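Treat the numbers as computed from the prediction; the structure is a model and nothing was measured.
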Amino acid sequence: MRQVKIHTGALLAAGLIAGLAGCGSSDNGRSGDGPPDADRPAAAEPQRQSGAEIATVRGRRIAVHRRKGDGAAWKALSSPNEMGATRVFLVDAKDGDWLKVLLPIRPNGSTGWVRASDVTLSSTTHRVEIDPKAFTFTVFDGDKVLRTGRVATGEGGTPTPAGRFYFTELIRPPDPGGAYGAYAFGLSGFSPTLKTFAGGPGQLAVHGTNKASALGGKASHGCVRVGNDDITWMAKNLAIGTPVVVKA
């Protein structure tokens with residue numbers, strides 16, 4: 001079982017749950033007023049390597065560079081992140097003292113370089129694959145299937161985007177019988193159509209639900225819904241930083 005810090009209460013009300021794109025039914029949702037930048041999905045091919053490396057930021061801020069060795073930083077990201085969770089990155093490549101990492105920013109699939117000395121590395125052999133066409137998820141440990149189940153994805157003009165993402169934080173909603181279910185994992189990706197949502201940045205998530213009957217179809221603004229038993233299992237067994245692949 002993974003030891004994962006779970007965020008609850010005031011942080012939840014003020015942050016992630018309020019602003020997750022695609023987490024509610026699309027019956028009364030509307031897109032924000034942001035500029036229509038073109039989100040570029042990351043390659044959605046499943047990972048087949050033995051494991052993935054997770055970089056956890058060591059300090060209060062980390063400098064991100066467009067290219068390794070750049071003198072000036074491109075971005076500076078805080079830790080904890082906007083949701084109060086220690087910031088992590090999924091490592092894409094290593095080159096000496098530098099790491100190429102997947103960034104939790106728009107457009108989806110953005111990468112940057114950070115100094116290896118600014119992070120602590122860990123690894124996981126777990127990954128989650130979402131198949132929007134079959135409306136299923138599969139959790140792997142290497143090539144071994146650990147768990148499968150049904151999902152609900154985005155509908156209409158708010159699709160769940162394909163790409164390679166990772167878990168950025170784990171939230172326990174104050175009401176496990178509510179629309180977000182027992183737990184919600186924030187994802188590193190964002191809705192391609194909702195630039196803002198309920199005061200938030202349109203961040204995607206994998207979360208539980210109080211409408212199990214909607215699983216197996218399109219029902220959200222872009223988030224991935226799973227059963228409460230499944231999200232509870234994920235919360236107990238999957239680390240922040242675990243790769244999540246949404247197939248095209």
Side-chain angles (χ1 to χ4, degrees), residues 2-8 11-12 14-23 39 41-42 47 52-62 64 75-92 99-112 114 118-124 126-130 137 139 160-161 163-173 180-181 183-192 194 196-198 200-208 221-226 231 234-246:
R2 294 281 183 176
Q3 296 300 314
V4 178
K5 184 176 181 180
I6 303 170
H7 299 274
T8 59
L11 172 65
L12 176 71
L16 180 64
I17 291 300
L20 288 176
C23 289
D39 281 344
Q47 289 182 301
E53 285 197 288
I54 301 164
T56 301
V57 176
R58 299 178 65 179
R60 302 287 293 179
R61 297 179 72 80
I62 187 167
V64 180
K75 292 180 178 293
L77 298 179
S78 63
S79 181
N81 65 16
E82 296 81 1
M83 301 306 134
T86 301
R87 189 176 294 280
V88 303
F89 304 110
L90 185 62
V91 177
D92 191 55
L99 303 172
K100 184 180 181 183
V101 296
L102 188 62
L103 298 174
I105 63 172
R106 293 181 187 269
N108 293 338
S110 294
T111 59
V114 299
D118 289 339
V119 301
T120 300
L121 291 177
S122 59
S123 63
T124 180
H126 293 144
R127 72 181 184 281
V128 181
E129 294 183 7
I130 309 292
F137 77 84
V139 179
T160 301
R164 184 181 178 218
F165 309 104
Y166 63 92
F167 290 145
T168 53
E169 56 268 324
L170 175 60
I171 303 291
R172 179 186 288 143
Y180 303 101
Y183 293 95
F185 277 104
L187 283 178
S188 59
F190 297 83
S191 167
L194 300 178
T196 62
F197 185 82
Q203 182 184 357
L204 300 170
V206 176
H207 65 80
H221 286 105
C223 284
V224 177
R225 301 181 191 176
V226 301
I231 198 67
M234 291 181 190
K236 292 179 178 179
N237 291 280
L238 301 182
I240 301 303
T242 296
V244 178
V245 174
V246 180

Looking at [X] and [Y], what are the two nearest heavy atoms and their distance?
| X | Y | answer |
| --- | --- | --- |
| Gly112 | Val64 | CA-CG1, 3.9 Å |
| Gly181 | Pro173 | O-CG, 3.3 Å |
| Ile231 | His207 | CD1-CA, 4.0 Å |
| Phe190 | Pro161 | O-CG, 3.8 Å |
| Ala52 | Pro243 | CB-CG, 3.6 Å |
| Thr242 | His126 | CG2-O, 3.8 Å |

Can you measure from [atom1] ([X]) to [atom2] ([Y]) and round to the nearest 0.5 angstrom?
| X | Y | atom1 | atom2 | answer |
| --- | --- | --- | --- | --- |
| Glu129 | Phe137 | CD | CZ | 12.0 Å |
| Thr56 | Asp118 | OG1 | CG | 12.5 Å |
| Gln203 | Met83 | CD | CE | 5.5 Å |
| Thr86 | Ile240 | OG1 | CD1 | 9.5 Å |
| Asp92 | Arg164 | CG | CZ | 5.5 Å |
| Leu99 | Leu90 | CG | CG | 11.5 Å |

Can you name the residues that form a side-chain contact (heavy atoms from CB on, under 4.5 Å) with [X], not counting sequence neighbours?
| X | result |
| --- | --- |
| Ser78 | Arg61, Arg87 |
| Ser188 | Leu102, Pro104, Phe165, Tyr166, Thr168 |
| Ser122 | Ile54 |

**Prompt:** Would you say the side-chain atoms of Arg106 pair up with the backbone N or O of Pro201, donor to acceptor, closer than 3.5 Å?
**Reply:** yes
**Item:** Step-by-step side chain to side chain contact (heavy atoms under 4.5 Å, CB included) determination, Phe185 to Val244
**Value:** CA-CA 11 Å; Phe185 277 104; Val244 178; over 6 Å; no
**Request:** List the steps, then state whether side chain to side chain contact (heavy atoms under 4.5 Å, CB included) holds for Leu204 with Thr160.
**Result:** CA-CA 8 Å; Leu204 300 170; Thr160 301; 5.5 Å; no
**Request:** Report the C-alpha distance between Phe89 and Leu77 in whole Å, list the side-chain angles of each, state the deciding distance to 0.1 Å, and finish with yes or no for side chain to side chain contact (heavy atoms under 4.5 Å, CB included).
**Result:** CA-CA 11 Å; Phe89 304 110; Leu77 298 179; 3.9 Å; yes
**Prompt:** So do Tyr183 and Ile171 actually touch side chain to side chain, heavy atoms under 4.5 Å?
**Reply:** no
**Asked** Does the side chain of Val139 reach to within under 4.5 Å of the side chain of Leu238, using non-hydrogen atoms?
**Response** yes
